[in-house]
Protein chains: 2
Amino acid sequence: MAKGTTIRDVAARAGVSISTVSRVLNGFTSIAPDTSERVRDAIEALGFRPNRLGRSLKAARTHTIGVLVPSLRNPVFADCVAGIQIACAVAGYSVLIASSDYDAERERAAVETFLSHQVEGLILTVADADDSRCLDALDEAEAPYVLVYNQPCGPRPFVSVDNVAAARAMVERIVALGHRRVGMVAGRFLQSDRSRLRHEGYRAALADAGLPSGPLVEVDFADTRLAQHLAHHMTTADPPTALFGSNDMVALAVIRALRDLGLSVPDDVSVTGFDGVEIGALVSPSLATLVQPSRALGEAAFARLLDQLAGNPAGEPSLLAFTFRPGESLGPAPTRAQPQRGHAAC
Amino acid sequence: MAKGTTIRDVAARAGVSISTVSRVLNGFTSIAPDTSERVRDAIEALGFRPNRLGRSLKAARTHTIGVLVPSLRNPVFADCVAGIQIACAVAGYSVLIASSDYDAERERAAVETFLSHQVEGLILTVADADDSRCLDALDEAEAPYVLVYNQPCGPRPFVSVDNVAAARAMVERIVALGHRRVGMVAGRFLQSDRSRLRHEGYRAALADAGLPSGPLVEVDFADTRLAQHLAHHMTTADPPTALFGSNDMVALAVIRALRDLGLSVPDDVSVTGFDGVEIGALVSPSLATLVQPSRALGEAAFARLLDQLAGNPAGEPSLLAFTFRPGESLGPAPTRAQPQRGHAAC
DNA sequence: AATGTTCATGAAAACGTTTTCAACCCGTCA
DNA sequence: TGACGGGTTGAAAACGTTTTCATGAACATT
């Protein structure tokens, strides 16, 4: 296709009008068999590829959605996007993608761009689904969207697991193994409402068990000095025997940091994650975690969006089931006889 | 913006023609200050957002690129896409994304879709850059593109590391540690020309050292029965003492499989990877690997594409530097006294 | 006072489609 | 034979922009 073959060229070559070409392209009305064939030949010969800009402009349908996630570098989002892609490919939708890096301003910018592209809908994970300028913008523009991973209190459509219940389930398992002092290492609450909700579940589970909340360490998502932060809490008189990571990436970093501190997982400290990224099962010690069905979440989000596009009302809450995945990183609480210290020498 | 505010509405409200609105929007020609302000007010009041379809159609510029990778679930690609996204955001480009799942037919389909969207260029990783229908299609359409990770023999523009040299460097380090029998676990050659090139480097390094090539295990990317395949090779009379994985995901799976076989890494068998995905540094044993600058590759690919779009000629080869990252998975060859067997009992 | 020059603006064409409307050709039915 | 109807087709409008061209006004130059 020599850089700009248009429907007009096809029409000329086939000796018909552009209307006819358009018709064989979209094929709803009846056309004479030989005409159809001539047109098809011309299309083939010229390597004609319809220009979606023209088509979309006229038809007011782009068959394109926008997907916004905090970062593709967290496998949980990459997996979800993969799910979305699969569903989109099947349904004939294209995907515009952007990452916010957990930043509200970049969320805004991305949404703005998506809207100018006339996407038919959006799937997104935002920092805070109950207080989000970009979601306000979407509401005002009356643009269909579905949140994924976010679990707002408000009426916004979302697909996720029940974060509070899931975190609670996780912590209950920790407690059941005899741990009495359980800390949490969480992604920044301001950057992740999920982190906040999981903390809520964590506290509830501990409260139910009559246990105090352990230390809470809030960390940035790409924090390289995690060991230092942890050291502070692990060298007290009564350090936690288990740490609940608000997501798998955090949990894996925690395990690494503990090892750097000379602590053994799970012999000295147990660590659990949240998300169920595939890699957690491959590492050693394997990561005990709470599995979200990431790919299914993506697919469900898209299905939900299609529903909205079809004009169906919002529908039910869309909470998907989570599961627990056991792993070597979670063991019974160590006997209290000899609390471990951070460094052998002191 | 009430679902369809157009430049015409803005013009009407501001009491000017649409040409004038367009001009303040794009702002190259001079306009009277008060006119400009009135228009700007109208835009603000109506929440007007220019429709890119119209704009792109007329201007023949979409400011959009297409990105095609085998799978976002492999962090090496996710990282690269993240790099592309950063560069795109800076340059004001939008990103259409698709995954091929290592399948040539899906590569075709994705490229076809991208072209119909009138992307200005593409960045892609294909199964085989020297024999690819989808690249042929791009060449024929005269669409600008840059390969990333692929390293074709032919004249196609690419950005990557030198796979052969990098694999060779990796294997030289293995050999330097006393390993005499080095196997390779590789992604399917048909699905990954990188895998093929790395195998080439592996063989060259062994040949240089006067060593025979060890067993080669080709695996699918989502192979769950890796342990079975490996068992076959690890239970011979003279099993390899080191395994070179063609990428980090494979290497991590190998480590896991070896553990399932009752073998210790690195005491019984050393394992190395290729890619340098972040997670490899977090796991235990940490993965010795050859680091590709994935994010930089993405950024460089986009820079290169921009160059092409600006009409600059192809330019130099674009081979980025790789580095070696040590890790616990690679140790000295075990003394040959007592070759390990797969299972304790037999 | 006549003639340029510049500046600000509007009218209209154009981008590549889809879609409405009308027209034509043919055969069928009364 | 004349009206009717279905099956095919074309002409032209429309989608929301950008851009060319033309116009008029204000101003400076002779």
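For clarity, every value in this text was computed on a predicted model and none was experimentally measured.
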Distance test, side-chain N/O of A:S30 to OP1/OP2 of D:dG7, below 4.0 Å: no
By side chain to side chain donor-acceptor pair (under 3.5 Å) - contacts of [X] (at least two apart):
{"X": "B:S99", "value": "A:Q85"}
{"X": "A:D103", "value": "none"}
{"X": "A:E112", "value": "B:R49"}

If you fit an axis to the five pairs at each end of the helix from C:dA1-D:dT30 to C:dA30-D:dT1, how big is the angle between those two axes, to 10 degrees?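 Answer for the end axes of this duplex: 60°.
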Could you pull out all residues at least two apart from [X] that satisfy ring pair (Phe, Tyr, Trp, His ring centres under 6.0 Å)?
{"X": "A:Y102", "value": "A:F221"}
{"X": "A:F302", "value": "A:Y93"}
{"X": "B:Y145", "value": "none"}
{"X": "B:F77", "value": "B:Y149"}

Could you check whether [X] gets within reach of a base, just the sugar-phosphate, or nothing at all, counting any heavy atom under 4.0 Å?
{"X": "B:R52", "value": "nothing"}
{"X": "A:I31", "value": "sugar-phosphate"}
{"X": "A:T35", "value": "sugar-phosphate"}

Sequence neighbours excluded, which residues qualify as side-chain contact (heavy atoms from CB on, under 4.5 Å) partners of A:N26?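 For A:N26 the side-chain contact (heavy atoms from CB on, under 4.5 Å) partners, ignoring immediate neighbours, are A:S22, A:R55.
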The first and last nucleotides of DNA chain C lying within contact of chain B, meaning any atom under 4.0 Å from one of its heavy atoms, run from C:dA8 to C:dG16
List in numerical order all residues of residues 20-27 of chain A for which some heavy atom is under 4.0 Å away from an atom belonging to DNA chain C. A:S22, A:R23, A:N26
First of B:D34 and B:G54 reached from the 5' end of DNA chain C, by closest nucleotide: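 Checking each residue's closest nucleotide, the 5'-ward one belongs to B:D34.
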Does any N or O in the side chain of A:S192 come within less than 3.5 Å of the main-chain N or O of A:R188, such that one atom is a donor and the other an acceptor?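 Between the backbone of A:R188 and the side chain of A:S192 there is no qualifying donor-acceptor contact (under 3.5 Å).
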What residue pairs, at least two apart or across chains, pass salt bridge (Lys or Arg N to Asp or Glu O under 4.0 Å) with a residue in residues 15-31 of chain A?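 Sorted result for residues 15-31 of chain A: empty, none.
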Quiz question: by atom type and distance under 3.5 Å, do the side chains of B:H117 and A:S94 form a donor-acceptor pair?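 Judged by distance alone, the side chains do pair up.
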